Structure formats: C-alpha cells, structure tokens
Amino acid sequence: MSDDKKLTTRADDFSAWYNEVVLRSELADYSPVKGSMVIRPNGYGIWERMQRALDDMFKASGHVNAYFPLFIPQSFIAKEAKHVEGFAPELAIVTHGGGKELEEPLVVRPTSETIIYHMYAKWVQSYRDLPILINQWANVVRWEMRTRLFLRTLEFLWQEGHTAHATHDEAEAEAITILGIYRKFAEEWMAMPVLTGLKSDNERFAGALRTYCIEAMMQDRKALQAGTSHNLGQNFSKAFDLKFQTETGTEEFAWNTSWGVSTRMVGGLVMTHGDDSGIVTPPRLAPIEVVIVPIWKTNDDRAGMVEAAMKLKAELTDWTGRGESDRLRVHVDARDGIRSGAKYYEWEMRGVPLRLELGAKDLEKQSVFSARRDTRVKAPIPRAGAPAAVADLLKTIQSDLFAAALARREAATIRGVTEYGQFKEIMAGDGGFVYAGWNGDPAVEARVKEETKATIRVIPDAEFR
RNA sequence: CGGGGCGUAGCUUAGCCCGGUAGAGCGCCUGCUUCGGGAGCAGGAGGUCGCAGGUUCAAAUCCUGUCGCCCCGACCA
C-alpha cells in the first residue's frame, strides 16, 4: 500500500489539493496545449446540469438562445476604446486561412459584445424591435499568462447574454434581474452562498457602465468571482451604431447589457464543498446522485445481490415523487474484482452525494445502508418507501451543504473594520472577507492592494452588510 | 514576463554528486483464493531515461544547447 492513494490535504496545500482532486476525480485533464484542458465526462456532466438549470431560468425570464461565430474581424475589437484596452493583451489572432494570409486578421472571440452588437445594429430599426434578449452557449479564448484547471484556462465554456433595450432603466433592471438569477443558481443549485453587489471602477468590465457580480468564498478564505452582469450603457451601441427610432420619431442609441458565467463555476464547486477525500457534489448538480454498491460474499451470491441492486435502482428511478422529469439519478456499481471498500473510496473521490450499500444483512432486515458523502453519517433506510426517503435525504444534503458553506464564509468574515491597522493585521493573518469603508478613491484602492494584496471584491448590496 | 521546481514504464518515482546489466510502488493482463472501508499469492506485458549535440572504450549519470510542463508573483471569467 503506498501513499499515493492519499490526497494532499487542504490544510497542507490548498492549491495542490485542488489540482489533485480535479485530476483524480476525473473532472478534467491537462491537454497537450499549455493552459488548456480537457473536460472529462465527470466534469462535463456537472457542467451539463449547470447549463440546464441556468438555461431554464433564462428561458423562464424571456430570453432565447442563438449562436454567433467564433471569429471576429480584428477591427471590431478596436471600436470600443476601453474594450480594446482591456482585451488586446489576451487575444488569439488568426492571420492565415486556406494557406493564404488574411486581408484582415480574425480575432478568436474573448467575448462576443462586438460581433453581437454589430448584428443587432442590422436587426434593429424601431423601438418595436426592442428589447432583444439573446443568450448564447459558447467557448471563448483568452490568452492568460497563468492558468489553472477550470479557474483560468486559455479556452473556456460559458454562456453570454447580450440584450438591447430602449431605456437605461430597462437595461439596468435587466442587469439586476440576471444578477438575481445567478444568485439563485449559486445558492439553490450549487449550494454556494454568494455576495451580490457592484464592482469598483478598477474591476469593472472593459466597456461597461457598471458591473455587478456574485462573489463566493472558497475554503482557503479567498474570493471567487463566480458571475458578472454588466450594464453597458450606450458604449457599444455608439461604437456599433445600434440605433432605433423612438415612439416620438427621434433617433436614439440602444442600451445594452451583457452577462456571463463559465465553467469556472465547476472549479468553484470543487473549492466550496470538496474535502480531503475528494469532491462533494451538491445533489441537484450531481450527474449521479446515488450509487448502489451491492455486496456479496461468494461468487454464487454475486448474481443475486446484483439483481437485488438493479431492482432497488429500478424502484428509485421509477419513482416520480420529484416529478416525471426529475427522476433520481442512480448508478449500480456491480464491478467484479474490486472490493467494496475500493469502490467507496472511488465514489467518494468523485463526490457522489449518497451511497447505498446492499448486502445479505440488508436484504434480511428489509433495509439498505446509506452513507452520506458530505457528513459521512451512515444509517439504515427501511426498504419500504426507500425512494421518498432517499429523495428526502438528498434534499437534506443539498441544504446542509449550503448551510455549511455559509457558516464557513461567515466565520471568515469580519464586519465593521474601521482601523487600517486592524485591516492589515487580518490580511497578514488568515485573510477572509473584510467589510471596510472606502471613500471611492481608486488611488486608495490601489494602495491597499499594494500594501495588503487585498482587492475590493464587491461593494455589497445592503442585505449583506 | 520575472522567481522556483521538474522531465526515467499509463501514474508516482529511485538511480545522477562518485559514468560500467535501468530498479521499485501503484495501475494493467492471466489464474486461483478473496469480497460489509483501498485484498492475497503466483505468473506476465510494458522503457529510444524530454530532444539535439559533445566528452568518453562506455552516458539516465558529466558538458553545451534546446523544448516542454508544473508551482509562486504581476494580469485575468
């Protein structure tokens, strides 16, 4: 038995723990291209569930999906001054195609504002054409100097919403609505508490009027920007001549918003809930919610136990107590030649929220033995009514994960810091979220960052203060 | 782009100082016995030691160059 089965612990080296856990739970792997990664089925399954949940919420709030191309004429990026300033350093640029040098280089989208508002300008004439509420699921490329699995890679997957409105207030309301959707998603699906609020000018999106964000705290007490929603004002509509005629016959520039969340959230999920045994997936996002491990003594017992496990699985997946379209997601691990204990470790690494063990003893007692991934609590569940009990337990796990994450964040949050000395002390120590006053001066922000490495993550909404 | 570390089997690595048959653990394959928390025994497959030069009778080991990766910092969804 060698030590390489043990993970580096979070306390020992959080960053090493994160890398190991992502690789060993088979969420992702390094690709041959430096800084980019392969998202493996375990990781992509989580992303697919994230996509579905978000997409449903976008649709429910009146948005539709479309797809815009990967390549953007280089000149487009330059049309908005702040935008080009922000993105120019990290662009991937295609200069050749079909064996010939291109007349105008093409930028691989780092984000799609430019090409989308160019198209909107073509589609909008009248106020009657507004609002446009389009989202797209896409990949984007940003040539980052330092990358990390899921958190910052050259290419990543995301959704980007781009809307056009007739008035500032309508655009502002849209940006806020989306922020609310992101928050709801983070809390109710990811079980990840977030602060909502406004970014400082320094941290604002390149080309935006205002940037709102959701900020989460990871287990290393560091912040993770988990999603942003921008009120773009008329910056892009002016750059791309996105005009419309009003009811009274005047001509005005449209008001835009853009907003996005990315596969970074998978990384956030890992760093929010993971432990020294692997990742912990909140049930609502788990591709597999329940793994059944049949246990047998001899080869002769095996067939019977596997059959019993399959029968239990059928009972669970046939159950519609959560709704026709939200069946329990169950997997039976009937692999032979691997001992039960080894299976337990493997599914724990992969973060399956609930394990059910089924052996001769359980059959005899008409029960199944359950083991929660989050708390490690083990308890028998009566076989009769098992589906409802399992669903109930999953619900409890979901809410317990949120409560635990919230408690961790609050324990690492200090409010009402008014002395800079105290602030510096906290930052030199364990760090965490510190609520402190700010006079709005970017010079002060820069100095604090220089002296303590702390950044203004968010100017939090009132309820968080 | 700066600083640090590392390239030896699928993975983790020993060997390098002091040149002389390339080793281990995990994983993989076969068989038997096992099976309620990472199984045991037996047999087996798998290596141009990152790449290119050089020194030498002889290079994983010494020298020069080069490429790549990881980590930390500046920059960032």
Side-chain angles (χ1 to χ4, degrees), chain A residues 1-8 13-16 18-20 23-24 29-36 85-91 109-112 138-160 182 199 202-206 211 213-216 223-230 258-268 277-278 293-302 305 334-349 355-365 368-369 371 376 378 380 449-450 453 455:
Chain A
M1 210 47 35
S2 87
D3 269 354
D4 61 12
K5 289 193 171 173
K6 292 252 188 296
L7 274 176
T8 298
D13 184 343
F14 192 80
S15 172
Y18 175 80
N19 285 326
E20 282 176 36
L23 294 170
R24 289 173 59 178
D29 202 355
Y30 292 109
S31 94
V33 177
K34 176 188 162 76
S36 56
E85 192 185 305
F87 283 106
E90 51 189 49
L91 294 178
R109 64 181 165 217
T111 178
S112 303
N139 59 338
V140 288
V141 169
R142 297 181 187 178
W143 218 264
E144 303 288 353
M145 301 183 193
R146 225 189 109 208
T147 56
R148 292 196 69 195
L149 294 166
F150 284 113
L151 304 174
R152 200 184 306 103
T153 45
L154 293 196
E155 178 188 357
F156 57 92
L157 305 183
W158 75 347
Q159 59 71 214
E160 47 179 327
Y182 285 164
K199 282 288 191 191
N202 261 327
E203 305 271 339
R204 195 203 298 140
F205 175 75
T211 289
C213 65
I214 54 172
E215 290 284 330
L224 184 80
Q225 177 175 309
T228 47
S229 180
H230 316 292
S258 71
W259 28 275
V261 297
S262 71
T263 38
R264 167 181 280 185
M265 289 198 302
V266 177
S277 300
V293 180
I295 294 157
W296 55 85
K297 290 268 184 228
T298 69
N299 238 337
D300 294 340
D301 296 341
R302 183 172 178 262
M305 291 316 306
R335 287 176 298 173
D336 200 3
I338 300 177
R339 300 171 76 116
S340 315
K343 292 180 183 178
Y344 301 163
Y345 280 100
E346 190 178 317
W347 293 111
E348 279 164 11
M349 180 64 73
R355 180 177 76 238
L356 296 179
E357 302 167 18
L358 192 64
K361 286 187 222 163
D362 306 291
L363 285 188
E364 200 178 300
K365 286 185 280 188
V368 295
F369 198 68
R376 306 301 184 102
K378 297 175 185 180
K449 184 176 176 182
E450 170 75 29
K453 288 185 182 164
T455 56

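The shown structure was predicted, so the numbers you read here are calculated from the model rather than taken from an experiment. Below, read A as the first sequence line, B as the second, and so on, with proteins coming before strands; counting in each chain starts at 1.
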From [options], nucleotide with atom closest to [X] side chain:
{"X": "A:Ser15", "options": "B:rC70, B:rG36, B:rC72", "value": "B:rC72"}
{"X": "A:Lys378", "options": "B:rG36, B:rC71, B:rG37", "value": "B:rG37"}
{"X": "A:Arg142", "options": "B:rG36, B:rA77, B:rA39", "value": "B:rA77"}
{"X": "A:Ala342", "options": "B:rA39, B:rC71, B:rA77", "value": "B:rA39"}
{"X": "A:Met145", "options": "B:rC1, B:rA77, B:rG36", "value": "B:rC1"}

Could you list the protein-to-nucleotides 5-8 of chain B atom pairs, N/O on both sides, closer than 3.5 Å?
none

Atom [atom1] of [X] and atom [atom2] of [N]: how far apart are they, to the nearest Å?
{"X": "A:Glu85", "N": "B:rC76", "atom1": "CD", "atom2": "P", "value": "11 Å"}
{"X": "A:Arg146", "N": "B:rC69", "atom1": "CZ", "atom2": "P", "value": "15 Å"}
{"X": "A:Trp296", "N": "B:rG37", "atom1": "CH2", "atom2": "P", "value": "14 Å"}
{"X": "A:Lys361", "N": "B:rC35", "atom1": "NZ", "atom2": "C1'", "value": "13 Å"}
{"X": "A:Leu154", "N": "B:rC75", "atom1": "CG", "atom2": "P", "value": "19 Å"}
{"X": "A:Glu450", "N": "B:rG73", "atom1": "CD", "atom2": "C1'", "value": "13 Å"}
{"X": "A:Asp29", "N": "B:rC69", "atom1": "CG", "atom2": "P", "value": "14 Å"}
{"X": "A:Ile295", "N": "B:rG38", "atom1": "CD1", "atom2": "P", "value": "12 Å"}

Looking across every strand, which nucleic acid part, if any, lies under 4.0 Å from [X] by heavy atom: base, sugar-phosphate, or nothing?
{"X": "A:Gln225", "answer": "sugar-phosphate"}
{"X": "A:Ala226", "answer": "nothing"}
{"X": "A:Arg355", "answer": "base"}
{"X": "A:Glu348", "answer": "base"}
{"X": "A:Phe369", "answer": "base"}
{"X": "A:Leu151", "answer": "base"}
{"X": "A:Gly359", "answer": "base"}
{"X": "A:Thr228", "answer": "nothing"}
{"X": "A:Asn19", "answer": "sugar-phosphate"}
{"X": "A:Thr211", "answer": "nothing"}

Quick one: do the A:Ser36 and A:Ser31 side chains pair a donor with an acceptor below 3.5 Å?
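Yes, A:Ser31 and A:Ser36 have a side-chain donor paired with an acceptor closer than 3.5 Å.
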Say whether A:Glu348 and A:Ser277, considering side chains only, have a donor N or O and an acceptor N or O under 3.5 Å apart.
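Side-chain D/A pair, A:Glu348 to A:Ser277: absent.
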Among A:His230, A:Glu203, A:Arg204, A:Lys199, which residue meets the side-chain contact (heavy atoms from CB on, under 4.5 Å) test with A:Cys213?
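Between A:Cys213 and the candidates, side-chain contact (heavy atoms from CB on, under 4.5 Å) is satisfied uniquely by A:Lys199.
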Between [atom1] of [X] and [atom2] of [Y], what distance do you get to the nearest 0.5 Å?
{"X": "A:Glu144", "Y": "A:Thr153", "atom1": "CD", "atom2": "OG1", "value": "8.5 Å"}
{"X": "A:Asn202", "Y": "A:Thr211", "atom1": "CG", "atom2": "OG1", "value": "12.0 Å"}
{"X": "A:Phe369", "Y": "A:Leu356", "atom1": "CZ", "atom2": "CG", "value": "11.0 Å"}
{"X": "A:Glu90", "Y": "A:Arg142", "atom1": "CD", "atom2": "CZ", "value": "6.0 Å"}
{"X": "A:Ile214", "Y": "A:Met265", "atom1": "CD1", "atom2": "CE", "value": "7.0 Å"}
{"X": "A:Asn19", "Y": "A:Thr8", "atom1": "CG", "atom2": "OG1", "value": "9.5 Å"}

So, is [X] near the phosphate of [N], with a side-chain N or O under 4.0 Å from OP1 or OP2?
{"X": "A:Asn299", "N": "B:rC35", "answer": "no"}
{"X": "A:Thr111", "N": "B:rA77", "answer": "no"}
{"X": "A:Lys199", "N": "B:rA77", "answer": "no"}
{"X": "A:Arg339", "N": "B:rG36", "answer": "yes"}

For [N] versus [M], give the span between their [atom1] atoms, rounded off to a whole number of Å.
{"N": "B:rC26", "M": "B:rA39", "atom1": "C1'", "answer": "14 Å"}
{"N": "B:rA22", "M": "B:rC67", "atom1": "P", "answer": "31 Å"}
{"N": "B:rG44", "M": "B:rC70", "atom1": "P", "answer": "38 Å"}
{"N": "B:rC11", "M": "B:rC28", "atom1": "C1'", "answer": "11 Å"}
{"N": "B:rA60", "M": "B:rC49", "atom1": "C1'", "answer": "5 Å"}
{"N": "B:rU30", "M": "B:rU21", "atom1": "C1'", "answer": "29 Å"}
{"N": "B:rG5", "M": "B:rC76", "atom1": "P", "answer": "28 Å"}
{"N": "B:rG4", "M": "B:rC41", "atom1": "C1'", "answer": "46 Å"}

Can you check whether A:Pro380 reaches A:Asp362 side chain to side chain, under 4.5 Å on heavy atoms?
no
Could you tell me whether the side chain of A:Leu149 reaches within less than 4.5 Å of the side chain of A:Leu23, counting heavy atoms only?
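A side-chain contact under 4.5 Å exists here.
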Please state whether the base of B:rC76 and the side chain of A:Arg152 form at least one donor-acceptor pair under 3.5 Å?
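Yes.
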Record whether the side chain of A:Glu346 comes under 3.5 Å of the base of B:rG37 through a donor-acceptor pair of N or O atoms.
no
If you pin A:Tyr344 and A:Asp13 to their nearest nucleotides in RNA chain B, which one's is more 5'?
A:Tyr344
Side chain to side chain contact (heavy atoms under 4.5 Å, CB included) assessment of A:Tyr182 paired with A:Val261
CA-CA 8 Å; A:Tyr182 285 164; A:Val261 297; 3.5 Å; yes
With centres under 5.5 Å and planes under 30°, do A:Phe156 and B:rA77 count as stacked?
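Base of B:rA77: stacked against A:Phe156.
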If a stem is a run of at least 3 consecutive Watson-Crick or G-U pairs, both distances under 3.5 Å, which stems include RNA chain B?
B:1-7 with B:67-73, B:10-13 with B:23-26, B:28-33 with B:39-44, B:50-54 with B:62-66
Closest non-hydrogen atom pair between A:Glu160 and A:Ser112, with its separation
OE2-OG, 2.7 Å
